[in-house]
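Structure first, commentary second.
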Amino acid sequence: MKKIGVYTSGGDAPGMNACVRAVVRTAIFNGLEVKGIKRGYEGMISNDIINLDRQSVANIIQRGGTFLKTARSQAFMTKEGRKTAYDNINKHGIDALICIGGNGSYTGAKKFYEEHGVPCIGLPGTIDNDLYGTDFTIGYDTAINTALDAIDKIRDTAHSHERVFIVEVMGRNSGFIALDVAIAGGAEGVLIPEDHGDWNKVLNHFNNQKRRKKSFSIIVVAEGDEQGGALILEKKLTSMYPDLKIRSTILGHVQRGGSPSARDRILASRLGSEAINALLEGQKLVTVGIVCDKVVYTSFEHAIEGKKSVSESLIKLAEILSI
Ligand code: F6P
């Protein structure tokens, strides 16, 4: 192995730049050449591939987004698209890939390996924290701090106007972001896809006369919750409790931006460097994660199929602390 290609794929996440930097510098340290593939699989197909040296990743550790850009590629889902990508990879003499992304990106890399035999190491990059094989994903810590900062601000206005605020956070089909920011933000309720009893807990909160005397409330809802998003909930609750003053806020893509937190920079640096070690050890199709502070490899198959669960004890804690 002489030359590797690195790319970011799927939704961007703070810390992706720090991760590319670590990949590039560890590769060079070990005598490898590095190519950067722009826009993930799209760049593989359109041959948008650049040289990366030590200097090209200088001054990016603190920047959000991804300087390699990212995309969700439809073309790579076709056999023809993957063949064109392979021809381009070959032209550049790339022997192995490092993919920073989520499950969709791993699925593409697995298919690519099965058809063309190009080894790939996957690194978990998403704000959602929903990837199996790692305690935390790159971007998650920054995203929850961004969401928490917004909730603290909403709390000020909720308190002043004695209103109920429903705050919708991202997370796709998982409730990691919602549950953590609900606890950290002192929310009175949290709705996540993993907890089917959560709607009743929220209704209990409003039905309980003692609690109704509380002049304001913050309810956090995960975008993938079965009850629907913040706007739907605002309508539902307003019709059930016409005396309450209810407002909703959708935090949206603000959660994906910003300078990565120290934790995300360290996680990203560690994982980027470990991905090179994994390739040097001869790994071909694994994701690298950190579980209980130990570096672990998970086969792509298990990483894609595995389900990471939110903590039951945190669900209980959110309920206890919201009384
Ligand atoms: O996976 C990251 C994420 O931000 C999810 O939380 C969200 O559901 C989705 O991406 C939004 O995707 P897009 O930016 O393509 O609208």
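When a ligand or atom number is given, it counts from 1 through the structure's own listing order. Count residues from 1 along the sequence.
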So what's ligand 1 close to, N/O to N/O, under 3.5 Å?
residue  : atom   : partner : partner atom : Å
ligand 1 : 1 (O)  : Asp128  : OD2          : 2.6
ligand 1 : 1 (O)  : Arg172  : NH2          : 3.3
ligand 1 : 4 (O)  : Arg256  : NH1          : 2.7
ligand 1 : 6 (O)  : Asp128  : OD1          : 2.7
ligand 1 : 6 (O)  : Gly171  : N            : 3.2
ligand 1 : 6 (O)  : Glu223  : OE2          : 3.3
ligand 1 : 8 (O)  : Glu223  : OE2          : 2.5
ligand 1 : 10 (O) : Arg72   : NH2          : 3.4
ligand 1 : 10 (O) : Arg172  : NH2          : 3.4
ligand 1 : 10 (O) : Arg256  : NH1          : 3.1
ligand 1 : 12 (O) : Arg72   : NH2          : 3.0
ligand 1 : 14 (O) : His253  : NE2          : 2.8
ligand 1 : 14 (O) : Arg256  : NH1          : 3.0
ligand 1 : 14 (O) : Arg256  : NH2          : 3.0
ligand 1 : 15 (O) : Arg72   : NE           : 3.3
ligand 1 : 15 (O) : Arg72   : NH2          : 3.1
ligand 1 : 16 (O) : His253  : NE2          : 3.4

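- Applying the ring pair (Phe, Tyr, Trp, His ring centres under 6.0 Å) test to every pair with at least one member in residues 57-80, sequence neighbours left out, gives these pairs: Tyr41-Phe76, Phe76-Phe112.
- A cation-pi arrangement is not found for Lys245 relative to Phe216, the charged atom failing to lie both closer than 6.0 Å to the ring centre and inside a 45° cone about the ring normal.
- For Asp293 and Arg270, the salt-bridge test passes: some basic side-chain N is under 4.0 Å from an acidic carboxylate O.
- Between the side chain of Glu115 and the main chain of Lys83, no donor-acceptor pair closer than 3.5 Å is present.
- Under a 4.0 Å N-O distance rule, the pair Asp149/Lys153 qualifies as a salt bridge.
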Test log, rule side-chain contact (heavy atoms from CB on, under 4.5 Å), inputs Thr84 and Tyr86: CA-CA 5 Å; Thr84 308; Tyr86 178 64; over 6 Å; no
